Structures are given as C-alpha cells and as structure tokens.
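Letters go in sequence order (proteins before strands), and every chain restarts at 1. This one's a predicted model, so the numbers in the text were calculated from it and none came from an experiment.
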Amino acid sequence: MKPRFHALKGVEDILPPDTYLWRDIERKAMQAFGPCGFEEIKIPIIEHTELFLRSIGETTDIVEKEMYTFTDKGGRSVTLRPEGTAPVVRAYVEHNLATRPSPQKFFYRGPMFRYERPQKGRQRQFYQIGVEAFGVAEPGIDAEVIAMLIDFLEKAGLSSSLSLELNSIGCDVCRPDYKAKLREYFGGRLSELCPDCARRFEQNPLRILDCKVERCAALKQDAPLITDSLCEACRTHFDELKNLLGNLGIDYKLNPRMVRGLDYYTRTTFEVTTNLLGAQNAVAAGGRYDKLVEEFGGPPTPAIGFAAGTERLAALLQSTLKAPSPSLFIATLGAEASREALKMAVSLRRKGIWTEIGYGGASLKSQLRKADRTGAVYVFIIGEDELRERKAKWKNLKDGSSGEVRLEDAEGFIQNAGQRLA
RNA sequence: GUGGGCGUAGCUCAACGGCAGAGCACUGGACUGUGGCUCCAGGUGUUGUGGGUUCGAAACCCAUCGCCCACCCCA
C-alpha cells in the first residue's frame with residue numbers, strides 16, 4: 001500500500017505523544033506570562049503583503065525570498081505570516097488599543113510560514129510562542145520581558161545548555177552614524193568581502209557583522225562596534241538594562257555583533273541560543289521596536305517583544321517526554337458483558353477517567369495484551385460468570401495484583417485507585 | 001537559490017552484478033477465560049519513479065521525485 005498523498009515539503013504533522021509535549025510547553029508559557037499580565041491575542045495567519053514589506057524590511061531575506069505570497073480571488077496580494085509581531089502591531093493600531101491603560105501586553109502562539117529549504121530545526125511551517133508589550137519606553141520593561149522569557153524556559157525544563165545574548169543596535173539618531181562608520185571601515189576592503197557582504201555593504205552594512213564566511217569574520221574583527229557609537233539616550237537605556245538584569249541575577253553575554261534579521265528593531269535586541277540543535281541554534285529571540293506602531297499609523301508607542309520556536313523547544317525537551325495512559329481497560333467476553341462495559345465506560349469518562357474497552361470479539365488473552373500495550377494501569381474482566389454474579393475481576397497491570405469487585409462498586413474502586421496513584 | 005548524503009517490509013537496517021533477507025513491531029497459537037518472559041507459526045515488497053548498460057540490476061550509468069544535512073538566513 002502506498003500513500004496517495006503526502007505532506008508538503010517542510011510541513012510536518014505533530015503526532016502523539018509529541019502533542020503532549022507541545023501542550024506542556026504552551027501551558028508553561030502561559031504560567032510564566034500570566035502573572036506578568038500578558039493576555040492571549042489571536043491574530044490571523046494571513047495579512048496584506050504590504051504589512052510585512054513595510055515592517056520586516058524590503059531588503060531582508062524574509063521578504064526577498066521567503067514569503068508565501070499569492071494573489072487571492074479578489075486580486076489582493078496576501079501573505080501567510082512569516083512572523084507574529086507585525087500582525088499584533090496591526091491589531092493594536094486597528095483596534096485603538098493605545099486608548100486602554102498602558103502597558104498593553106499580549107502573547108500569541110501559532111504557525112508561521114517561510115519558504116526556505118528545510119533542515120534540522122527549520123520547517124516551512126513552524127510554530128512560535130511570542131509576546132509583545134506596548135507603551136513603556138523605560139528599560140525596566142526590557143528587563144521584565146527578558147526575565148519572563150528566562151522564567152518560561154526554566155519552567156519548561158531547559159535552563160541548562162542555553163545562553164542569553166544581549167545587544168543594543170541603537171536608534172534613528174545613532175544608527176546612521178554607525179552605518180557610516182561601518183561603510184568607512186569596510187569601504188577600503190570591499191574587494192576582500194564575500195559577494196553577499198559586498199551587496200550588504202550597500203543595502204545594510206550591519207549584516208556584514210553577522211556573516212560566517214571566514215575571510216569576512218577575519219575582516220570584521222577590528223570593525224567598529226555599535227555599542228561604541230550609541231547616542232546618549234541609547235547608551236543610558238542599555239546601561240540601565242544591564243544593571244537591572246544584574247540585579248535580577250540574570251546571566252547574559254554581550255554580543256555587539258548580534259544583528260537581527262528584521263529591520264524594525266531598535267535599541268535592545270536579544271537571543272537565546274543552544275549548542276544542541278545543529279546549525280539552527282536560536283531558540284528564542286526578540287527586541288525593542290519603538291517606531292513600528294507609529295509607522296503603522298498609531299500614536300508614537302515604544303514596544304518590545306520576543307518569539308520562541310516551539311519545534312526547537314520541543315526538540316530540546318524530547319528525552320524527558322512521558323505520555324499519559326488510560327486508567328482502566330475493560331476486557332469483556334460475550335455481547336452482554338460488552339454492553340455492560342460500554343455503560344460503565346461512558347459513566348467513568350463523564351467523571352474524567354480515561355477508560356478503554358476491548359473490542360473485536362478478541363480472546364481474553366489478546367484483550368489483555370492490548371490493555372498492556374495501551375499502558376493501562378487497571379483491567380476489569382467481565383465475562384459470563386462475572387455477569388451472573390454482578391461483579392468484575394480486576395487486575396493491576398503494574399504490580400500484578402488482582403481481585404474481585406461488585407459491579408455497583410466498580411466505579412468507586414477505580415476512582416479511589418486513581419487517587420491512590422495520584 | 002547553492003553544495004553534500006541517503007531512498008530495500010510498518011520501523012531500524014543487511015544483501016553491493018547471480019533465488020530480496022534479518023531484528024523489532026503486528027496477528028494467531030502453545031495456555032478453550034488472564035498481559036509482560038519464552039517458544040512456534042503467519043502476512044507484508046512495483047528494492048522511490050522512469051529509462052539505459054548487461055545473459056542477468058536492489059546494486060552500475062542517466063534522468064526525475066522525495067527525504068536528510070549543510071550554506072544563505074532565521075525561531
């Protein structure tokens with residue numbers, strides 16, 4: 001038998017037991033975000049193409065070659081969201097959320113789409129859990145958001161093997177100066193740069209710092225650092241943030257060469273990386289975007305956010321996964337017993353107890369084998385003899401103990417057993 | 001978009017020019033109504049697809065599709 005259909009390249013099914021892990025990750029995120037006042041926002045996965053062009057930046061890789069863009073039946077150019085910040089900002093402006101008490105804090109989760117060649121830790125449809133906080137310019141909120149991210153990752157069970165990198169990439173005031181310095185520095189060595197970087201020199205010289213080609217790496221060794229070119233306001237903001245993180249006991253590594261791939265970032269940028277996922281080492285990343293709300297037609301509103309890659313978190317947590325299993329499996333012999341089992345199962349399930357029933361008129365042996373394979377803790381055996389005496393035989397598959405219980409007491413028996421196990 | 005690796009049973013893989021196999025898993029039995037352990041039996045295949053070379057191809061060649069990894073970039 002050969003499947004007639006298969007999933008698209010770079011698009012995966014997430015199956016149990018992995019879905020339990022995913023559910024757990026999202027639950028931990030909500031546990032971390034809730035006390036910080038972040039509320040869930042549901043945003044569309046499809047938007048006007050223009051939204052992403054204007055926010056992410058026309059010369060970024062995402063916009064240049066990775067967007068799922070098409071024309072809908074109404075002739076509009078639409079795009080499957082490649083990231084979550086732009087849609088949230090759009091919603092913030094569209095619904096006048098600035099009129100609510102500041103700060104407004106949101107989290108979202110769901111799929112993003114980027115047309116890239118898939119590889120380890122990178123899919124075309126991938127999931128993110130992200131947050132955005134609007135309306136606070138002070139570095140305190142930067143520290144809050146970063147602390148919340150660290151708290152989330154720790155709750156999820158991955159404090160080790162992760163490192164937090166921090167940078168400031170300046171603002172409208174100081175970044176032009178820095179770009180000029182970079183062009184001055186690389187200008188004389190243009191021929192030594194790789195072809196990609198030669199192109200970046202014109203479009204966005206900051207990206208040269210991110211290049212991994214060896215000869216560029218050597219060249220940029222002595223390149224001027226953004227952190228040496230920050231204006232007074234940006235410097236103060238950055239220094240204060242570092243102080244606050246220090247006070248909170250949050251370890252970080254300054255990385256003055258960290259450049260984010262989206263144009264809307266200002267000042268603070270940060271990234272949480274791991275060395276356990278191959279080449280795709282970013283687990284979560286974010287930063288401040290103080291101009292975006294205004295650019296989208298809202299009032300001048302400072303903002304900051306981050307997004308974490310759910311697949312990558314799940315990949316890091318894989319080994320500790322333990323899926324739940326049924327509390328009870330009812331094996332039956334005969335049609336009458338089968339009816340009795342169904343009644344009992346429906347009743348138990350209403351009480352929230354995971355109950356499975358043996359089907360197919362299979363032998364008791366095969367039903368028990370199936371019960372064992374489902375991981376059920378208890379089995380009830382109901383045959384003709386038991387039915388006549390209105391009782392069920394029970395067996396604990398974990399420790400092998402067994403006995404009998406009257407049918408009318410059976411539900412209570414399992415409920416009590418469940419409490420003992422819990 | 002570029003480079004490399006790999007496509008054989010549900011899964012992991014052998015066979016590397018001469019009859020397509022093993023382990024695991026699955027189903028049944030040994031044990032008429034008691035799982036796991038053991039033993040026995042059973043089924044699974046267009047060897048990704050199409051062409052070529054050859055007396056003979058899973059193997060060699062070409063093309064194509066798919067998957068994986070890496071570059072680029074990112075979560």
Side-chain angles (χ1 to χ4, degrees), chain A residues 1-3 6-12 25 56 59-66 81-85 109-130 149 153 194-197 199-200 204 207 210-214 216 258-262 270-274 277-286 305-316 329 331-334 337 358 360 362-387 392-402:
Chain A
M1 258 189 359
K2 232 164 45 181
H6 59 271
L8 292 171
K9 183 200 280 282
V11 166
E12 308 183 306
I25 290 169
I56 296 171
T59 63
T60 58
D61 276 26
I62 292 178
V63 167
E64 276 184 347
K65 51 187 197 190
E66 295 175 1
R81 63 184 187 197
E83 59 106 38
T85 299
R109 55 198 160 126
M112 307 294 164
F113 303 84
R114 293 182 199 171
Y115 193 86
E116 303 179 86
R117 280 284 277 274
Q119 70 187 74
K120 190 178 183 66
R122 190 171 74 191
Q123 288 79 39
R124 287 181 174 179
Q125 175 175 342
F126 61 100
Y127 289 73
Q128 287 188 337
I129 303 171
L149 170 59
L153 295 173
C194 72
D196 281 333
C197 284
R199 184 174 51 82
R200 291 180 184 124
N204 189 352
R207 309 232 58 150
D210 214 22
C211 185
K212 281 139 196 142
V213 175
E214 231 171 271
C216 295
M258 181 175 68
V259 176
R260 313 272 331 121
L262 304 98
F270 54 95
E271 199 168 293
V272 175
T273 59
T274 174
L277 285 182
Q280 309 309 314
N281 62 355
V283 171
F306 67 75
T310 313
E311 284 87 353
R312 292 182 184 179
L313 294 174
L316 288 170
F329 188 102
T332 62
L333 292 163
S363 67
L364 185 62
K365 172 192 270 303
S366 74
Q367 289 187 67
L368 283 169
R369 191 155 43 217
K370 188 173 287 183
D372 191 50
R373 285 196 48 221
T374 64
V377 180
Y378 279 91
V379 195
F380 279 173
I381 297 165
I382 305 176
E384 287 162 16
D385 298 346
E386 288 79 8
L387 217 49
K393 290 199 167 126
W394 63 263
K395 184 164 186 174
N396 181 322
L397 292 180
K398 300 301 175 199
D399 64 18
S401 60
S402 60

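The CZ-C1' distance, from A:Arg124 to B:G66, rounds to 12 Å in whole Å. Put simply, CD on A:Glu116 is 15 Å from C1' on B:U2, counting in whole angstrom units. Separating the NE2 atom of A:His6 from the C1' atom of B:C67 is a distance of 10 Å, rounded to the nearest angstrom. The separation between A:Asp61 atom CG and B:A75 atom P is 11 Å, rounded to whole Å. Separating the CZ atom of A:Phe270 from the C1' atom of B:C74 is a distance of 16 Å, rounded to the nearest angstrom. For the pair A:Leu368 CG and B:C31 P, the interatomic distance rounds to 17 Å; values are reported in whole Å. Between A:Asn396 atom CG and B:G35 atom C1' there is a gap of 12 Å when expressed in whole angstrom units. The distance between atom CD1 of A:Ile25 and atom P of B:A75, rounded to the nearest whole Å, is 18 Å.
The shortest heavy-atom contact between A:Ala337 and A:Leu387 is N-CD2, 3.6 Å. Of all heavy-atom pairs between A:Arg124 and A:Tyr115, the closest is NH1-CE1, 3.2 Å. Closest approach of A:Leu149 and A:Ala284 over heavy atoms only: CD1-CB, 4.0 Å. The heavy-atom pair separating A:Ala376 from A:Leu397 by the smallest distance is O-CD1, 3.6 Å.
If you check every strand for non-hydrogen atoms under 4.0 Å, A:Asp399 touches nothing. Using a 4.0 Å heavy-atom distance criterion, A:Ala285 is classed as a sugar-phosphate-only contact. Residue A:Ser366 is classed as a sugar-phosphate contact, given heavy-atom separations below 4.0 Å to backbone atoms only. A:Glu64 comes within 4.0 angstrom of nothing in the nucleic acid, heavy atoms only.
Of the candidate nucleotides B:G35, B:G33, B:A75, B:G35 has the atom lying nearest to any side-chain atom of A:Asp372. If you check B:C72, B:A75, B:G35 against the side chain of A:Leu397, the one that comes closest is B:G35. Considering only side-chain atoms of A:Leu364, the nucleotide from B:C74, B:U34, B:G28 that sits closest is B:U34. For A:Ala282, whose side chain is taken as the heavy atoms from C-beta onward, the closest listed nucleotide among B:G33, B:A75, B:A70 is B:A75. Side-chain proximity of A:Arg122 to the nucleotides B:G33, B:A75, B:U27 is greatest for B:A75. Nearest to the side-chain atoms of A:Pro118 among the listed nucleotides B:C68, B:C74, B:A70 stands B:C68.
Close to B:U34, at under 4.0 Å from its OP1 or OP2, lies no side-chain N or O of A:Lys395. Between A:Arg369 and B:U34 there is no side-chain polar atom (N or O) within less than 4.0 angstrom of OP1 or OP2. In this structure, A:Lys120 does not reach the B:C68 phosphate: none of its side-chain N or O atoms is under 4.0 Å from OP1 or OP2. Side-chain N/O atoms of A:Gln119 include one lying less than 4.0 angstrom from OP1 or OP2 on B:C71.
With hydrogens and angles ignored, the 3.5 Å screen pairs no side-chain donor or acceptor of A:Arg122 with any backbone N or O of A:Gly10. The main-chain N or O of A:Tyr127 is never found under 3.5 Å from a side-chain atom of A:Arg109 such that the two would form a donor-acceptor pair. Checking side-chain atoms of A:Arg114 against main-chain N and O of A:Pro82 turns up a donor-acceptor pair under 3.5 Å. Listed for the A:Arg312 side chain is no donor-acceptor partner under 3.5 Å among the backbone atoms of A:Val283.
The base-pairing partner of B:C60, taking Watson-Crick or G-U wobble contacts with both distances under 3.5 Å, is B:G52. In a base pair of the Watson-Crick type (N1 to N3 plus N6-O4 or O6-N4) or a G-U wobble (N1-O2 and O6-N3), with each distance short of 3.5 Å, B:C67 is matched with B:G5. B:G23 is paired with B:C11 under the Watson-Crick or G-U wobble criterion, all donor-acceptor distances under 3.5 Å. B:C16 is unpaired under the Watson-Crick or G-U wobble criterion, no partner having all donor-acceptor distances under 3.5 Å. Across all strands shown, B:U44 forms no Watson-Crick or G-U wobble pair with both distances under 3.5 Å. Across all strands shown, nothing is found opposite B:U32 as a Watson-Crick or G-U wobble partner with both distances under 3.5 Å.
Across B:G28 and B:G66, the matching P atoms stand 39 Å from one another, rounded to whole Å. The gap from the P atom of B:C39 to that of B:G51 amounts to 45 Å, rounded to the nearest Å. When the C1' atom is compared between B:C16 and B:C11, the two are found 23 Å apart, to the nearest whole Å. If you take atom C1' in B:A57 and the same atom in B:G3, they sit 29 Å apart, rounded to whole Å. Between the C1' atoms of B:A59 and B:C19, the separation comes to 16 Å (whole Å). Between the P atoms of B:G36 and B:A22, the separation comes to 24 Å (whole Å). When the P atom is used for both B:C69 and B:U12, the distance is 14 Å, rounded to whole Å. The C1' atoms of B:U38 and B:G17 are separated by 42 Å, rounded to the nearest whole Å.
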Contact list (N/O, under 3.5 angstrom) for nucleotides 3-5 of chain B vs protein:
unit_1	atom_1	unit_2	atom_2	d
B:G3	O6	A:Arg117	NH2	3.2

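Looking only at side-chain heavy atoms (C-beta outward), A:Leu262 and A:Glu83 come within less than 4.5 Å of each other.
Each of A:Glu271 and A:Tyr115 was assigned the nucleotide of RNA chain B with the nearest heavy atom; the assignment lying further toward the 5' end belongs to A:Tyr115. Along RNA chain B, the nucleotide closest to A:Ala307 and the one closest to A:Asp385 are compared, and the more 5′ of them pairs with A:Asp385.
Taking a 6.0 Å sphere around CD of A:Glu384, one finds it holds 12 or fewer heavy atoms contributed by other residues, nucleotides or ligands.
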